[in-house]
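Worksheet: one structure, shown below.
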Amino acid sequence: MRIVFMGTPEVAAFSLERLFEAPEPVVGVVTQPDRPAGRGQKSIPSPVRRVAESHHVPVLAPEKIRDPAFFNTLSGWTPDLIVVVAFGRILPRQILELAPHGCLNVHYSLLPKYRGAAPVPWAIIGSEEKSGVTTMRLVEKMDAGPIFLQREISIEPNDTTASLQAKLAPVGAELLVETIAGLKAGNLTPQAQEESKVTYAPVLKKEDGLIDWNLPAVSIERRVRGFNPWPSAYTYLAGNLLKIHRARVIEMTEKAAPGEVLKADKEGLWIATGAGALSLEEVQLENRKKLTAREFLNGTRVEKGARL
RNA sequence: CGCGGGGUGGAGCAGCCUGGUAGCUCGCAAGGCUCAUAACCUUGAGGUCCCGGGUUCAAAUCCCGGCCCCGCAA
């Protein structure tokens, strides 16, 4: 079975790496074009491109997904199956219907929950106790295709998007290989998703990270974990951007306005919220390194009663 | 050439503009106090002020070059 792989970021690269160990040949890879990124705006190849090139497989990186020249090359690879993992573009029907086995997608949630671009953060923010990976057939409607296989993993109370993603990546890669084997053997029956249980996980924006101190401390703490490593939960301290990388919920007895500094000493940096208080355990001031509250307070004076 | 901040005892920072004594909050060591403490008091050790040039009587501080770290943006 000839496979074409489409994907872009680290998770996708992980799956691709696993595919190269599987029996079916990967005959071509499609990824997003190199984009200027990072400090200095140097052009950086996507993780998927790097993996593909290290295995000497041809790579396409079309600027426009509907480019006819791209489609011609793609169909010239005569794929039996197209595997799509976090590619980052909506595929036109023409591509969805190109391969005899269609397009197989790996999605990092327990569909039908958390359809969309950012299932992992939203599962954490949504207070879920478990997440997982789903393989399904791609259809035109976003993440709405029939499900092949699904596997659960639990979300731990201290899981961040980074840590959960790291746990999901190998599970997804394994499930992908199993799904391909099942498709080849012809013993998989796709199950339609239950529309009544659908929830959405919209793409994250930088502004989503801005903390609303009126929320309960438990919600803010989940956002701190869900937005780690990106876009990062943040607030403003005396006009300076302050990222919060790790926080802990504290019972608050005293009455204080949300966002007010309750304590800023060797015991910690506590902020009042809409319900309960939040102890900032690890923070980062703009232009500065990530620091524990203790280290941070050694060099930056924060007055009790100040507002964030 | 995307924009910007920074590299100062073990940690985090101030000092730099307006050159001339090395500062603050901690940590560490020793002693004291206390039933007790990430408590408090006393004393102490510890610094090539990123590297290389230059200007100057004198450079952490001003100028030129380099290396490294970080925020924004993407």
Side-chain angles (χ1 to χ4, degrees), chain A residues 6-13 30-51 59-65 85-90 116-118 120-121 160-162 165 201-212 220 223-254 259 261-271 277-306 308:
Chain A
M6 303 179 76
T8 304
E10 210 57 58
V11 254
V30 182
T31 190
Q32 301 260 358
D34 300 359
R35 295 257 162 65
R39 232 166 272 134
Q41 297 296 107
K42 289 176 285 288
S43 223
I44 304 293
S46 77
V48 161
R49 175 187 283 278
R50 276 205 296 277
V51 169
V59 176
L60 291 179
E63 282 295 340
K64 289 186 303 183
I65 198 72
V85 184
F87 177 58
R89 287 284 171 85
I90 305 288
V120 179
T160 62
T161 293
Q165 194 117 67
V203 63
L204 292 180
K205 299 185 298 289
K206 178 69 191 174
E207 310 84 74
D208 292 325
L210 181 61
I211 291 173
D212 175 1
I220 297 174
R223 281 167 178 265
V224 168
R225 289 187 286 117
F227 292 147
N228 175 318
W230 197 89
S232 232
Y234 63 93
T235 185
Y236 288 92
L237 174 66
N240 297 115
L241 181 77
L242 182 73
K243 288 186 175 184
I244 298 168
H245 290 107
R246 198 154 47 79
R248 190 162 49 91
V249 175
I250 299 288
E251 280 184 41
M252 179 170 64
T253 47
E254 48 191 308
V261 175
L262 295 172
K263 175 193 282 297
D265 55 33
K266 30 254 110 355
E267 286 177 39
L269 177 54
W270 295 7
I271 313 297
L278 202 65
S279 166
L280 311 189
E281 307 277 302
E282 196 169 49
V283 297
Q284 181 175 24
L285 205 55
E286 56 181 298
N287 302 332
R288 294 281 159 75
K289 287 181 187 170
K290 189 190 296 187
L291 301 173
T292 63
R294 195 85 186 266
E295 293 170 325
F296 172 71
L297 290 174
N298 275 341
T300 307
R301 215 164 286 282
V302 178
E303 299 299 333
K304 184 174 188 288
L308 295 184

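These numbers were taken from a predicted model, which means no experiment stands behind them. Reminder, nothing fancy here: chain letters follow the sequence lines and each chain counts from 1.
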Over how many whole Å does the gap from A/Q284 atom CD to B/rG71 atom C1' extend?
-> 7 Å

Pick the P atom in B/rC62 and in B/rA14, then give their distance to the nearest Å.
-> 15 Å

In whole angstrom, give me the gap between the C1' atoms of B/rG20 and B/rA60.
-> 13 Å

Please check if atom NZ in A/K289 has more than 12 non-hydrogen atoms from other residues, nucleotides or ligands closer than 6.0 Å.
-> no

Pair assignment for B/rC72, Watson-Crick or G-U wobble, requiring both distances under 3.5 Å | B/rG2

For the base of B/rG27, is there a side-chain donor-acceptor partner from A/N298 under 3.5 Å away?
-> no

Do the side-chain N or O atoms of A/R294 get closer than 4.0 angstrom to the phosphate oxygens (OP1, OP2) of B/rG27?
-> yes

Do A/R39 and B/rA73 share a donor-acceptor pair, side chain to base, under 3.5 Å?
-> no

Length of the CD-P vector between A/E207 and B/rC72, whole Å | 13 Å

May I have the distance from A/E286 (atom CD) to B/rC72 (atom C1'), rounded to whole angstrom?
-> 9 Å

Is the NZ or CZ atom of A/K243 positioned over A/F227's six-membered ring, under 6.0 angstrom from the centre and within 45° of the axis?
-> no

Find the distance A/L285:CG to B/rC72:C1' and express it as a whole number of Å.
-> 14 Å

Which of these nucleotides, B/rA74, B/rU25, B/rC13, is closest to any side-chain atom of A/R301?
-> B/rU25

Separation of the C1' atoms in B/rG65 and B/rA38, to the nearest angstrom = 46 Å

Nucleotide opposite B/rC26 in a Watson-Crick or G-U pair, distances under 3.5 Å = B/rG10

Kindly indicate, with the supporting measurements, whether the criterion side chain to side chain contact (heavy atoms under 4.5 Å, CB included) is fulfilled by A/L241 and A/Y236.
-> CA-CA 5 Å; A/L241 181 77; A/Y236 288 92; 3.8 Å; yes

Provide, to the nearest angstrom, the distance between the CD atom belonging to A/E282 and the C1' atom belonging to B/rG12.
-> 14 Å

Atom CG of A/N287 and atom C1' of B/rG71: how far apart are they, to the nearest Å?
-> 4 Å

Just by modelled atom types, is the A/E282 backbone N or O under 3.5 Å from a matching donor or acceptor in the A/T292 side chain?
-> no

Residue A/A37, side-chain atoms from C-beta onward, closest of B/rC24, B/rA74, B/rA38 = B/rA74

Rounded distance [0.5 Å steps], CG in A/L308 versus CG in A/L269 | 7.5 Å

May I ask you to say what A/K206 touches in the nucleic acid, namely base, sugar-phosphate or nothing, with a heavy-atom cut-off under 4.0 Å?
-> sugar-phosphate

In terms of the nearest nucleotide of RNA chain B, which residue is placed more toward the 5' end: A/L297 or A/L291?
-> A/L291

C1'-based separation of B/rU56 from B/rU61 [nearest Å] = 13 Å

Gap in Å between the two P atoms, one belonging to B/rG54 and one to B/rC16, rounded = 26 Å

If we take the P atom in both B/rC13 and B/rA39, what is their distance in whole Å?
-> 23 Å

Sticking with atom P, work out how far B/rG53 lies from B/rA59, rounded to a whole angstrom.
-> 13 Å

Heavy atoms from other residues, nucleotides or ligands near CZ of A/R301 exceed 12 (cutoff 6.0 Å) = no

Which of B/rG71, B/rG2, B/rA14 is nearest the side chain of A/Q41? It is B/rG2

B/rC64 versus B/rA45 - spacing of their P atoms, nearest Å | 39 Å

Base-pairing mate for B/rC35 - Watson-Crick or G-U, with both contacts under 3.5 Å | none

Keeping the roles fixed (side chain from A/Q32, backbone from A/F87), state whether a donor-acceptor pair exists under 3.5 Å.
-> yes

Considering only B/rG71, B/rA74, B/rG12, which nucleotide approaches the side chain of A/L241 most closely?
-> B/rG71

Check every strand shown and say whether A/R288 touches a base, only sugar-phosphate, or nothing at a heavy-atom separation below 4.0 Å.
-> sugar-phosphate

Separation of atom CD1 in A/I244 from atom P in B/rG71, rounded to whole Å | 16 Å

Separation of A/K42 atom NZ from B/rC1 atom P, in whole Å?
-> 15 Å

